[in-house]
Amino acid sequence: MHRDLPDGAPVSGVPYWYWLGGRPATDFVNTRRERWRRDVECLLSVDEVVAWLVRAGLLAHWMRAPASILGEARGLREAIDAGVRAAVSGTAPDPAAVALVDDWLALAGSRPALVTGLDGHPVLTERERADSPRRALGMVAYDAARMLGIPSERARVRICGSDTCSARFYDRSPAGARRWCSMARCGNQAKARRFRERHE
């Protein structure tokens, strides 16, 4: 569900997250809303970073995170958005943004674990994919790296075509020709506006 932002700054960003980006990287970028006008931050605390990661399915359950994770998460988000904007405009992204996303990839890789098996003998296995907030953010970075680093995926990165929206999304339509983040919201509003303009 998509909720309109309040007139003032939100006390909590959670009610204003939307999940129409088509993949974790674009949904994460969309935690900063109305970049075209008011530029509203909707990732307001360490707890909200963790809550977003849980809701996105990248973290199994809520857990404590260091105070620094809020600034780190926002920095990763803006680096991903720099890549999104560059992909949409067909230009090269800022190398510093690429390097920042790359730095997070170290946390997204395999992490071996040695555990005791059912028979009591040690078994080499792998830790859960997202066993910490930083590891979960590494998975967001990995999704962004795939989206921005593979030409066929980069070609499907979009910013909503509505004049009153700045949502970033990944176009999964068969033709790859989506213009709006949501046909039900922005697409219908644009069609209604064009209809009114033609009949005035």
Side-chain angles (χ1 to χ4, degrees), residues 1-45 48-49 51-58 70 73-94 97 100-101 137 140-141 143-148 150 152-200:
M1 166 121 173
H2 176 91
R3 285 183 65 181
D4 287 333
L5 289 164
D7 289 333
V11 175
S12 168
V14 175
Y16 306 103
W17 296 338
Y18 47 52
W19 304 93
L20 44 72
R23 58 191 308 157
T26 45
D27 283 333
F28 192 56
V29 169
N30 288 334
T31 61
R32 188 167 161 193
R33 300 260 313 263
E34 288 191 13
R35 290 172 184 261
W36 58 278
R37 185 173 66 127
R38 292 189 296 165
D39 200 19
V40 179
E41 179 62 67
C42 293
L43 202 57
L44 300 173
S45 69
E48 287 191 5
V49 173
W52 188 92
L53 293 166
V54 170
R55 193 173 296 176
L58 298 169
L70 178 60
R74 287 176 175 174
L76 173 61
R77 178 190 63 193
E78 296 312 305
I80 294 169
D81 189 53
V84 166
R85 286 182 283 113
V88 169
S89 67
T91 60
D94 178 0
L100 197 151
V101 173
L137 285 170
V140 173
D143 183 55
R146 289 187 53 78
M147 178 178 73
L148 299 171
I150 299 173
S152 60
E153 293 202 23
R154 185 170 56 242
R156 289 181 170 262
V157 174
R158 307 277 187 270
I159 296 175
C160 184
S162 170
D163 292 338
T164 59
C165 184
S166 60
R168 279 62 167 150
F169 68 95
Y170 182 80
D171 183 358
R172 293 190 182 279
S173 68
R178 263 181 65 195
R179 294 182 53 209
W180 299 287
C181 62
S182 164
M183 189 59 201
R185 183 168 174 80
C186 291
N188 282 342
Q189 287 175 355
K191 286 184 174 185
R193 187 169 47 250
R194 283 198 308 269
F195 179 82
R196 284 191 305 271
E197 287 168 358
R198 281 196 310 266
H199 293 89
E200 286 180 349

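Small disclaimer: the values here were computed from a predicted structure and weren't measured. Because only heavy atoms are used, hydrogens play no part in the values below, and waters and symmetry mates are left out as well, while side chains stay in.
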**Prompt:** Below 4.5 Å, heavy atoms only, C-beta onward: do Arg168 and Arg158 meet side chain to side chain?
**Reply:** no

**Fill in**
Between Asn30 and Ala167 the two heavy atoms that sit nearest each other are OD1-CA, 3.5 Å

**Complete:** Between Leu44 and Val11 the two heavy atoms that sit nearest each other are CD1-O, 3.6 Å

**Asked** Tell me, do Pro24 and Leu58 make a side-chain contact under 4.5 Å, heavy atoms counted?
**Response** yes

**Complete:** Heavy atoms of Ala87 and Leu148 approach each other most closely as CB-CD2, 4.3 Å

**Polar side-chain atom of Asp27 near backbone of Gly21 as donor-acceptor pair, under 3.5 Å** = yes

**Request:** For Arg154 and Arg146, indicate whether the former's side chain and the latter's backbone hold a donor-acceptor pair under 3.5 Å.
**Result:** no

**Prompt:** Mind checking whether Val157 and Asp171 have side chains closer than 4.5 Å, heavy atoms only?
**Reply:** no

**Prompt:** SG of Cys181 to CG of Leu20: how many Å apart, nearest 0.5 Å?
**Reply:** 4.5 Å

**Request:** Indicate yes or no: at least one non-hydrogen side-chain atom of Val14 is less than 4.5 angstrom from one of Glu48.
**Result:** yes

**Asked** Under 4.5 Å between any side-chain heavy atoms of Thr26 and Asp143, yes or no?
**Response** no

**Request:** Could you tell me the separation between the SG atom of Cys186 and the CH2 atom of Trp180, rounded to the nearest 0.5 Å?
**Result:** 9.5 Å

**Asked** Given side chains that start at C-beta, do those of Phe169 and Ile159 come closer than 4.5 Å, heavy atoms only?
**Response** no

**Fill in**
Between Tyr16 and Cys42, the two heavy atoms sitting closest are CB-SG, 3.9 Å

**Request:** Indicate the atoms forming the closest heavy-atom contact of Leu76 with Ala141, along with that distance.
**Result:** CD1-CB, 4.0 Å

**Prompt:** So do the side chains of Arg172 and Arg23 get within less than 4.5 Å of each other, counting heavy atoms only?
**Reply:** yes

**Request:** Could you tell me which non-hydrogen atom of Asp7 sits nearest to which non-hydrogen atom of Arg38, and how far apart they are?
**Result:** O-NH1, 2.9 Å

**Asked** Between Arg156 (side chain) and Ser173 (backbone), is there a donor-acceptor pair under 3.5 Å?
**Response** yes

**Message:** Taking Arg33 first and then Glu41, would you say they form a salt bridge - that is, a charged N and a carboxylate O separated by under 4.0 Å?
**Reply:** no

**Request:** To the nearest 0.5 Å, tell me how far Trp52 CH2 sits from Trp17 CH2.
**Result:** 8.5 Å

**Item:** Contacts of Arg85 that satisfy side-chain hydrogen bond (donor to acceptor under 3.5 Å, both in side chains) - sequence neighbours left out
**Value:** Asp81

**Prompt:** Rounded to the nearest 0.5 Å, how far does CZ of Phe28 lie from CZ of Arg74?
**Reply:** 10.0 Å

**Prompt:** Distance-only, no hydrogens or angles: does the Asp39 side chain make a donor-acceptor pair with backbone N or O of Arg35 under 3.5 Å?
**Reply:** no

**Any side-chain heavy-atom pair of Leu43 and Arg77 under 4.5 Å** = yes

